[in-house]
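Only one structure is covered here, and it is reproduced in the block below.
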Amino acid sequence: MSKNGPITLIKIGGSTLGAEDTSLADVAALQAAGERVVIVHGGGPEITSWMGKLGIRAEFVRGLRVTDGPSLEVATAVLAGLINKRLVAALAAEGARAVGLCGADGGLVRGAITDPALGRVAGAVSIDPALVYALLKAGYVPVIAPIGAEDGPEGGLVNVNADTVAGSIAVALEAQRLVYLTDVDGVMDANGRVLSLLSPDMAEGLMASGVAKGGMIPKLEACVGAARAGLGAHIVNGTRPSALRAVLGARPGGTTVRA
């Protein structure tokens with residue numbers, strides 16, 4: 001792996017984890033080709049499943065998980081534990097060198113609670129990418145779970161929307177590209193047609209009009225911020241074979257947000 005190659009940040013959605021795709025093999029191939037790769041992952045469906053097993057009811061506000069104390073314990077165990085280490089092991093099986101961590105490690109992600117209705121969810125984050133740079137320099141793929149440390153004297157853990165933190169880390173790293181692997185073909189217009197190219201203003205218009213909604217909103221918000229910072233930002237269907245490699249080629253598919 002090149003110590004100075006381009007950085008690609010890939011966000012793997014919880015809905016695509018475990019899907020029969022080639023994303024992890026593609027990551028290994030990128031690393032072998034000299035790309036520096038960072039992964040941020042979600043895991044919402046598995047969190048909800050484990051909460052159900054433990055008799056904890058899942059609640060959502062505006063598409064965001066409400067995280068009280070018991071919910072945070074489950075989210076931390078599932079995201080920073082089970083899913084994170086499962087991904088690291090799967091990447092190793094593909095020949096990639098990976099290290100799993102969460103945003104609380106090394107002060108990578110610090111978050112402030114901005115909406116008490118969501119509980120221990122950070123609505124605003126600050127990023128210190130030093131640990132990620134160190135892992136990339138050592139030749140590893142950092143695999144990051146979206147659990148951060150709370151800003152302020154009390155400290156503690158906070159849940160962070162994985163789409164939001166992926167965009168923030170990509171900008172802090174000055175990555176070449178930000179890629180969201182999800183389970184839809186891209187951002188769609190009011191008639192259900194995939195929009196292949198959006199400007200930041202067009203993306204904001206889709207959100208303001210309600211055409212883009214739910215879980216697509218934090219992805220688009222992050223893509224807008226990334227595009228305005230000079231990054232290439234993409235939302236693609238990660239369940240399709242070679243979807244990630246296609247993003248790096250001339251025909252990326254899905255939706256590209258570009259300033």
Side-chain angles (χ1 to χ4, degrees), residues 1 3-14 16-17 23 27 30-31 35-44 64 75-76 79-80 83-84 87-88 91 96 98-112 114 121-151 157-182 200 215 217-236 238 244 247 257 259:
M1 172 185 262
K3 296 180 180 179
N4 300 301
I7 296 175
T8 297
L9 192 143
I10 301 160
K11 191 271 176 171
I12 299 178
T16 61
L17 288 169
S23 298
V27 168
L30 287 174
Q31 186 185 48
E35 291 263 356
R36 294 184 291 171
V37 183
V38 179
I39 293 174
V40 173
H41 67 82
L64 298 175
T76 302
L79 290 169
I83 293 176
N84 189 270
L87 279 171
V88 169
L91 284 164
V99 171
L101 63 153
C102 76
D105 293 315
L108 171 58
V109 179
R110 299 194 66 84
T114 56
V121 174
V125 298
S126 60
I127 306 296
D128 180 351
L131 177 58
V132 177
Y133 277 130
L135 290 170
L136 290 171
K137 184 177 180 180
Y140 293 99
V141 175
V143 181
I144 304 166
I147 298 291
E150 184 182 5
D151 264 334
L157 298 174
V158 286
N159 196 4
V160 189
N161 182 275
D163 293 329
T164 301
V165 79
S168 297
I169 293 174
V171 171
L173 289 170
E174 298 180 345
Q176 182 179 15
R177 62 181 73 87
L178 167 65
V179 182
Y180 285 93
L181 298 179
T182 185
I217 290 177
K219 293 178 179 63
L220 270 180
E221 288 176 337
C223 285
V224 166
R228 287 183 169 148
L231 282 64
H234 311 274
I235 300 172
V236 300
L244 181 54
V247 169
V257 182

What closest approach, in Å, do [X] and [Y] show between heavy atoms, and which atom pair accounts for it?
{"X": "A104", "Y": "L157", "result": "CB-CD2, 3.9 Å"}
{"X": "P142", "Y": "L136", "result": "CD-CD2, 3.7 Å"}
{"X": "Y180", "Y": "G167", "result": "OH-N, 3.5 Å"}
{"X": "T164", "Y": "P218", "result": "OG1-CB, 4.1 Å"}
{"X": "L173", "Y": "Y133", "result": "O-OH, 3.0 Å"}
{"X": "L244", "Y": "S23", "result": "CD2-O, 4.0 Å"}

My understanding is that only residues two or more places apart in sequence, or in another chain, count here; which of them pass side-chain contact (heavy atoms from CB on, under 4.5 Å) with [X]?
{"X": "A98", "answer": "V88, L91, V141, V143"}
{"X": "T8", "answer": "I10, E35, R177, V179"}
{"X": "D128", "answer": "A130"}
{"X": "A145", "answer": "H41, L79, A80, N84, C102"}

In Å, rounded to the nearest 0.5 Å, how long is the span from CD1 of I169 to CD1 of I144?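 Reported to 0.5 Å precision, the distance equals 4.0 Å.
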Evaluate the side-chain proximity of I147 to V160: yes if any heavy-atom separation is below 4.5 Å, no if none is.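 They are not in contact (no side-chain heavy atoms under 4.5 Å apart), so the answer is no.
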Any donor-acceptor pair under 3.5 Å linking the side chain of Y140 with the backbone of G100?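 Absent.
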Under 3.5 Å, which donor-acceptor pairs link side chains of residues 226-236 to any protein atom two or more places apart or in another chain?
unit_1 : atom_1 : unit_2 : atom_2 : d
R228   : NH1    : E204   : OE2    : 2.9
R228   : NH2    : D201   : OD1    : 2.8
R228   : NH2    : E204   : OE1    : 3.4
H234   : ND1    : T256   : OG1    : 3.0

Show the numbers, then the answer: is there a side-chain contact (heavy atoms from CB on, under 4.5 Å) between I127 and L108? CA-CA 5 Å; I127 306 296; L108 171 58; 4.1 Å; yes
What residue pairs, at least two apart or across chains, pass salt bridge (charged side-chain N to carboxylate O under 4.0 Å, His left out) with a residue in residues 217-226?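 Residue pairs passing salt bridge (charged side-chain N to carboxylate O under 4.0 Å, His left out), neighbours aside: D163-K219.
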